[in-house]
Amino acid sequence: MRLGPALHGDVADAIRQGVLVGAAAAAFVVPASLNSGLLSELNWQKPGYETVSRPFKATARYAEFGSYSPSPDARHLADWIANSGDNAGADFILIDKKSARVLVFDGQARLRANSPVLLGGALGDDTVPGIGSRPLDQVQPQERTTPAGRFVGERGHNARGEDVVWVDYEAAVSIHRVLTIDPTQKRLERLASETVADNRVSWGCINVPVSFFEAYISPIFMRRHALIYVLPEVKQLQSVFASYDVREQYGSRKSNP
């Protein structure tokens, strides 16, 4: 067990609203350090670093979306993951910030479920260095971003003892159940609305509906680590991920076994 960075993410919201005080407000608790054998397979590296370019596979393989219509960026990246095997056969999650949605895939790149999400209140794909340890009153509104990149997710707990999935531990960014501490923020209403613009409200963390977290997010991380891909909204997709366009290389024909 180890103590986490200080006041950032949506635990900061709880602190600001007076729910967490004293020592409980000063740290997050997470499991032991990343040491799963899967990590070498997943080509683990510091969160947010660019991925390593992978060669084309001889046979085309595409992600399977069922009846869901993904954004072009989400389709591109999921297809690349399916074709390159970047997920090493593990379940994975895509966060499509432009569409404010989370997509959950099994290890064969088949979409299992999707849901709207709430994201950081500020547009942007980077975190300010050291922000996870910065006092809350020094975090400016324009710094409340949800970082883009390839992350090895890890299950942990916040200071209230609630289970979360750490995305970028050092920046204190996690996926967790939607917070409803401050009624004026209307987070449940934001999740239910059909618009995307009102889904920007958190301090950087990714809020999902409670039932979705318990049914589709938490189980993935019960026994192993898994990859979380957060798509950029300002940067170009291929400047963040060293991906290739599977459909451009092989055409749109389906050749999955």
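Throughout, numbering of the chain's residues begins at 1 and tracks the sequence.
- Closest approach of Arg101 to Asn114, counting heavy atoms only: NH2-OD1, 2.7 Å.
- Pro70 places none of its side-chain heavy atoms less than 4.5 Å from the side chain of Asp96.
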Working for salt bridge (Lys or Arg N to Asp or Glu O under 4.0 Å), residues Arg150 and Asp86: CA-CA 10 Å; Arg150 177 187 187 272; Asp86 188 73; 2.9 Å; yes

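- Cys205 places a side-chain heavy atom less than 4.5 Å from the side chain of His176.
- Looking at Arg200 and Leu119, their side chains come closer than 4.5 Å, going by heavy atoms from C-beta outward.
- Glu214 is listed as a side-chain neighbour of Arg177, based on a closest heavy-atom distance under 4.5 Å.
- When every heavy atom of Asn199 is checked against every heavy atom of Pro116, the shortest pair comes out as ND2-CB, 4.3 Å.
- Between Ile175 and Val167, some side-chain heavy-atom pair lies under the 4.5 Å cut-off.
- Checked against ring-ring contact (aromatic ring centres under 6.0 Å, His included), Phe65 has the following partners two or more places apart in sequence or in another chain: Phe105.
- Leu179 is not listed as a side-chain neighbour of Gln185, based on a closest heavy-atom distance of 4.5 Å or more.
- Two residues are said to be in side-chain contact when any heavy atoms from C-beta on lie closer than 4.5 Å; Asn207 and Leu191 fail this criterion.
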From CA spacing to verdict: side chain to side chain donor-acceptor pair (under 3.5 Å), Asp182, Thr184: CA-CA 5 Å; Asp182 183 353; Thr184 65; 2.6 Å; yes

Stepwise side chain to side chain donor-acceptor pair (under 3.5 Å) test for Asn87 and Tyr229: CA-CA 10 Å; Asn87 61 320; Tyr229 301 84; 5.7 Å; no

